Amino acid sequence: MHVSLFKNSPRIQALTSRPFLAIEQPRWGRPPLAPLDSSKDKIVFQQVDIEDTGAYEKPAIRMYGVTQEGHSVLAHVSDFLPYFYIAMPRGFVDEDRESLRLKLIDMCEGRHGVHSIKVVKKRSLWGYKGDDMVMFLKIVFADQRSLTRIRDKWECEFKDLFPEPIQTYESNISYTLRFMVDRKVTGMNWIEVPAGKYALRSRQSSNCQIEFDVRYDAFISHEPEGEWSKMAPLRILSFDIECAGRKGIFPEPQIDPVIQIANMVTRQGGESAPFIRNVFALNDCADIVGSQVLSFKKENDLLIRWRDFVEEVDPDVVIGYNIANFDLPYLMDRAVALKVQDRFAFLGRLKNVRAKVKDTHFNSKAYGQRNSKETVLDGRLQLDLLQVMQRDYKLRSYSLNAVCAEFLGEQKEDVHHSVITELQNGTRESRRRLAIYCLKDAYLPQRLMDKLMCLVNYTEMARVTGVPFNYLLSKGQQIKVISQLFRKANEQDYIVPAMHSEGSDEQYEGATVIEPKRGYYPMPIATLDFSSLYPSIMMAHNLCYTTLLDKTMIDRLKLVEQVDYVRTPNNDFFATTNRRKGLLPTILEDLITARKRAKADLKKEKDPFKRAVLDGRQLALKISANSVYGFTGATIGKLPCLAISSSTTAYGRQMIEATKEAVEAEYSIKNGREHDAEVIYGDTDSVMVKFGCSDLETAMALGSEAAAFVTGFFKQPIKLEFEKVYFPYLLINKKRYAGLYWTKAEKWDKMDTKGIETVRRDNCRLVSTVIETCLHKMLIDRNAEGAIEYAQRTIAQLLQGKIDMSQLVITKALSKEDYAGKQAHVELAARMKERDAGSAPALGDRVAYVIVQGSKDDKAYEKSEDPIYVLENNIPIDTKYYLENQLSKPLLRIFEPVMGSRANSLLAGEHTRTIKKDTPKTGLMKFAKKLPTCLGCKTELRGKWQSKPNISAVCINCKPKLGSLYQEHINNASALQVAFARLWTQCQRCQGSLHQDVLCTSKDCPIFYRRKKAQKDVAEANLILERFNTTDW
DNA sequence: TAATGGTAGGGGAGGAAAAATTGTTCTTAC
DNA sequence: TAATGGTAAGAACAATTATTCCTCCCCTAC
Ligand SMILES: Nc1ccn([C@H]2C[C@H](O)[C@@H](COP(=O)(O)OP(=O)(O)OP(=O)(O)O)O2)c(=O)n1
Ligand code: SF4
């Protein structure tokens, strides 16, 4: 008995010439719901979004979710109160404690928002102090704000009772996470509310189909295992907006209208194609097969109807590309500008709560620094695919175009915003064109999400680490560790001290990188490495907060070295498992189990793309595990403990050294082996061994034997693995090498390159492709001469300007706001900001630039320029820079080890002679006009020819050849024309229509650069032909 | 315009150019 | 304000410093 919300809505009226009749409406809403009987029916749902009511309300939690049948749920969870612990002052006996408690109660009663104070038996997480429980005061607050106030003002409020500063415990965890930890709720898990335990709300505050109240302790939270690892049929809305900006200015919501909003809705786990595809368009728009076009005369109506649409579709997940920083804020601001915010802003599931745009800032070493916006849509998850890409994939460019090219294998046209305005102001056909473009942009994020399995993988991460889904994109690694730590700690009555950590400038000592024996190795090099080194060290040696010891405690408890505790190579002490098993090792076991599961899936999968996705999933879990170690070393973190992190690295240093020694000692002639093995390199947890044999099989056999042999020296679960052989192997420097990667003797797997230009993003494509090709020729084809030849050919092409510009674009991240020195990408970003602030790169973005010709001593930062700008203004490229500053050194580095000083010949010689290069004119020469030359013999045409109004094609001497010359140029021009037409058609195909103009100006598409160049070539050729026409025959 | 000693070479000052060093930044390998 | 996993390391540039080289000038020997 489904009733469209649209039909009931009094706001809905016929707005356009094509009336928006409810009867025509497909059913956008959720499946109908049979009435529930709260005394008989239980409610089971997958919780997707959790939020608290805020610091100023009565504390409560809202859990939003979806049932297996696809009904939306909102659970108001009540009676869960925030709290923290404080340690009892030293030396208190029972009576002291009770009197302290009573005094405190006395002071707090009726004030301070304190709900209750209890004495509880707990133990501090920090340090091993025997197994006795200790008394703590648990102070429960009536609301969040009171907790914060008392915590921060403890000293002045209670200085009579507590003259000494006190240590609080668990006072710095957010209310939501506190609730999740206590009730064992993890992100995206299933919740079961038994019959009789909930009360349906008669007056709903939300648009959810099922809305009820439940006490915090009256529901069951299912661990995401077995049956409960399923997913509910989440409804996913993907959308994209288009705005009509003014020429050369990025659209501004105060001025420029929203003209189209395209939407795709799919069901998670259902059919892959969207079951709703539509576009809300301003002004009329021709029909589009397979999509619904909703036209509006007024922008106000468009916005409001779109909001109604969102309400009816009621998506659980809202996705798009850059929706967090562009689409959503733009819509919100636009609604304000049009004064319809009172009707528009209700995009979440709560009826009376407006969505608000907040500025946020994120800063971490791994993800960089970034300013962004956040628009909370209560009850709806957001997954901005741009943010996903930026976090999970290292790409040269993160434009939708570049990302699609990378993952979907197709280009996406990019229409400049001023062209969008033209299309909008054109006909209903041109608006249709725009709508198709917009629909595509709404569909692509959907496809990306499916293909990269974002939802599934993030859900797994949320479940493994316990954090809410939305933390995964908005927060860092720390919160995951904290979530796990609290869960494990509280299970065993540990409580976590709230530390106020000050950061330190000094770094502690990390891992060893073995000094490489640089060179080219035409023999197999076996690689042994420890699996999950740091986690396994922490597990093996039981490193944890709860096992940390100091000398005095050892003496007091009369602990025995090696039996009860160990001294780490960093001279810290930790209790052994004989005494107590640490929490961190337990957390790590869980993470590593999850990783093993992912690796097993990876092993089964054959499809290379899916393998890559699974590999990403596996890697993400590995990073989470390594972040447990990182967390203990984060001095600006919630619970730094350098004893743990430094000891871990110290063990690691010891182990790599020991491994090297063991392998070299065991596999030596002295020890009866055929050759002396040599460790030629190693980094942190790996050793590259030259066993001395020349064949793969032996190397592999020795490798796996050695791995097992060395593993025997270490404690469980430390394990040295033999994984691969490099053959041949090119070792350039620390953290820089390449090799052919073999895991089986029959056939190599791939070419592997580490650290060198092919895997770096801060050089131009030309460099990485040239290096890649040369390495391919050297390592796979074993043809160094061919590699040289190829390199020389490329250099010649570069100097002749035959390399197309897309190959020369360099990108670098804009990683901070204030730079100490001047840099090419920073200076360009500043210049672009002057041209058009809206479209200029922002903090965290990657700046694309090319180096253009300048005068002699110009610094690189004076010669960097926006590729599009270069193309439009026909600025010459500094090819010399590309040869000398981009290509030459990397080339020398890879050729040197193979052919020694002969490599220098690469950069000198015939091919480096420039054929014809327009040197930039300086000074007075700037104004000197180039004389036209004869098309036959290139002599300058001057004298009497110059006086003619039109330039003749040839000089007097070549006049007889005029006919054949003309033919030649005709042929040339038509060849160019054909080349251009081919590119043009390719672009038409890309944009999905062979009958329309190509409008695309995609910075990230090589075709675009080639098309532009071809266009220019044709124009030039035609200009020359023109000269024949004006010549007297 | 008029009047004038020339050449070689050491050595220091000053400045330019090239080289080395340092510091910053980006990005990657673990 | 709150919040931000870790260290090691290569490489490119810009900026700085130290070094070399060159020129000019002064002076002297012959
Ligand atoms: N992002 C990372 C990567 C690595 N490491 C540290 C901890 C790792 O244990 C060690 C070795 O790194 P590997 O890349 O070899 O990864 P693992 O040894 O952890 O995993 P495996 O070798 O099983 O893939 O370096 C780290 O702290 N953070
Ligand atoms: S340049 Fe052509 S091929 Fe490339 S994205 Fe644009 S339209 Fe597509």
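Because the structure is a prediction, the values reported are computed rather than measured.
- Judged by closest nucleotide on DNA chain C, A366(A) is the one of A824(A) and A366(A) placed further toward the 5' end.
- No engagement by R396(A) is indicated, since no non-hydrogen atom pair under 4.0 Å with the nucleic acid exists.
- Pairing analysis of DNA chain B (Watson-Crick: purine N1 to pyrimidine N3 plus N6-O4 or O6-N4; G-U wobble: N1-O2 and O6-N3; both under 3.5 Å) yields stems of 3 or more pairs at B:6-17 with C:19-30, B:19-30 with C:6-17.
- Among the protein residues, Y737(A) comes within range of the sugar-phosphate backbone only, with heavy atoms under 4.0 Å from sugar or phosphate atoms but none that close to a base.
- Heavy atoms of K365(A) sit under 4.0 angstrom from at least one base atom.
- The CD atom of Q144(A) lies 8.0 Å from the OG atom of S174(A); values are rounded to the nearest 0.5 Å.
- Within 4.0 Å (heavy atoms only), K812(A) reaches sugar-phosphate atoms of the nucleic acid but no base atom.
- Within the structure, a side-chain polar atom (N or O) of K734(A) is placed less than 4.0 Å from OP1 or OP2 of dA9(C).
- For dA8(C), the OP1/OP2 oxygens have a side-chain nitrogen or oxygen of Q507(A) closer than 4.0 Å.
- If you measure from atom OH of Y629(A) to atom P of dA8(C), you get 8 Å, rounded to the nearest angstrom.
- Under the side-chain contact (heavy atoms from CB on, under 4.5 Å) rule, S864(A) has a single partner from V850(A), V852(A), V847(A), I851(A), which is I851(A).
- Taking the 5' to 3' direction, DNA chain B first and last meets chain A under 4.0 angstrom from a heavy atom at dT24(B) to dC30(B).
- Heavy atoms of S364(A) sit under 4.0 angstrom from primed sugar atoms or phosphate atoms, though from no base atom.
- Straight-line distance between the P atoms of dT4(B) and dA29(C): roughly 25 Å, to the nearest whole Å.
- Residue V759(A) is in sugar-phosphate contact alone, with no base atom involved, counting any heavy-atom pair closer than 4.0 Å across all strands shown.
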Might you work through the side chain to side chain contact (heavy atoms under 4.5 Å, CB included) test for R396(A) and S768(A), ending with a clear yes or no? CA-CA 12 Å; R396(A) 290 185 123 95; S768(A) 59; 3.7 Å; yes
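- In dT1(B) the O4'-C1'-N dihedral to the base is more than 90° from 0, which defines an anti nucleotide.
- In this structure, OH of Y819(A) is placed 15 Å from P of dA15(C), rounded to the nearest angstrom.
- Contact annotation: N733(A) side-chain N/O to dA11(C) OP1/OP2 distance is under 4.0 Å.
- In this structure, I756(A) atom CD1 and dA9(C) atom P are separated by 19 Å, rounded to whole Å.
- dT7(C) atom P lies 5 Å from atom OH of Y508(A), rounded to whole Å.
- Nucleic acid contact class of G630(A) (heavy atoms, under 4.0 Å, all strands): base.
- Taking atom CD1 of residue I851(A) and atom C1' of nucleotide dA12(C), one finds them 12 Å apart after rounding to whole Å.
- Using a 4.0 Å cut-off, no side-chain N or O of R893(A) falls inside it from OP1 or OP2 of dG10(C).
- Using a cut-off of 4.0 Å between Lys/Arg side-chain N and Asp/Glu carboxylate O, K1003(A) and D866(A) are scored as salt-bridged.
- Relative orientation of the Y458(A) and F469(A) rings is tilted, given thresholds of 30° and 60° on the angle between their planes.
- In this structure, H825(A) and Y849(A) have parallel ring planes: the angle between them is below the 30° cut-off, well short of the 60° mark.
- At a threshold of 4.0 angstrom between heavy atoms, the contacts of E509(A) are confined to the sugar-phosphate backbone, with no base atom among them.
- With respect to E865(A) and K863(A), no salt bridge is recorded, no charged nitrogen being found less than 4.0 Å from a carboxylate O.
- Between the side chain of N325(A) and the backbone N or O of K373(A) there is at least one donor-acceptor pair closer than 3.5 Å.
- K734(A) and D683(A) are not joined by a salt bridge, as no carboxylate oxygen comes within less than 4.0 angstrom of a charged side-chain nitrogen.
- Under 4.0 angstrom from either OP1 or OP2 of dA12(C) there lies no side-chain N or O belonging to N885(A).
- Screening Y521(A), Y681(A), Y737(A) for a ring-ring contact (aromatic ring centres under 6.0 Å, His included) with Y726(A), the sole residue that qualifies is Y737(A).
- Counting to the nearest Å, the P atom of dG6(C) and the CG atom of L639(A) are 14 Å from each other.
- Taking atom CD of residue E757(A) and atom C1' of nucleotide dA12(C), one finds them 10 Å apart after rounding to whole Å.
- dA8(C) atom C1' lies 9 Å from atom OH of Y681(A), rounded to whole Å.
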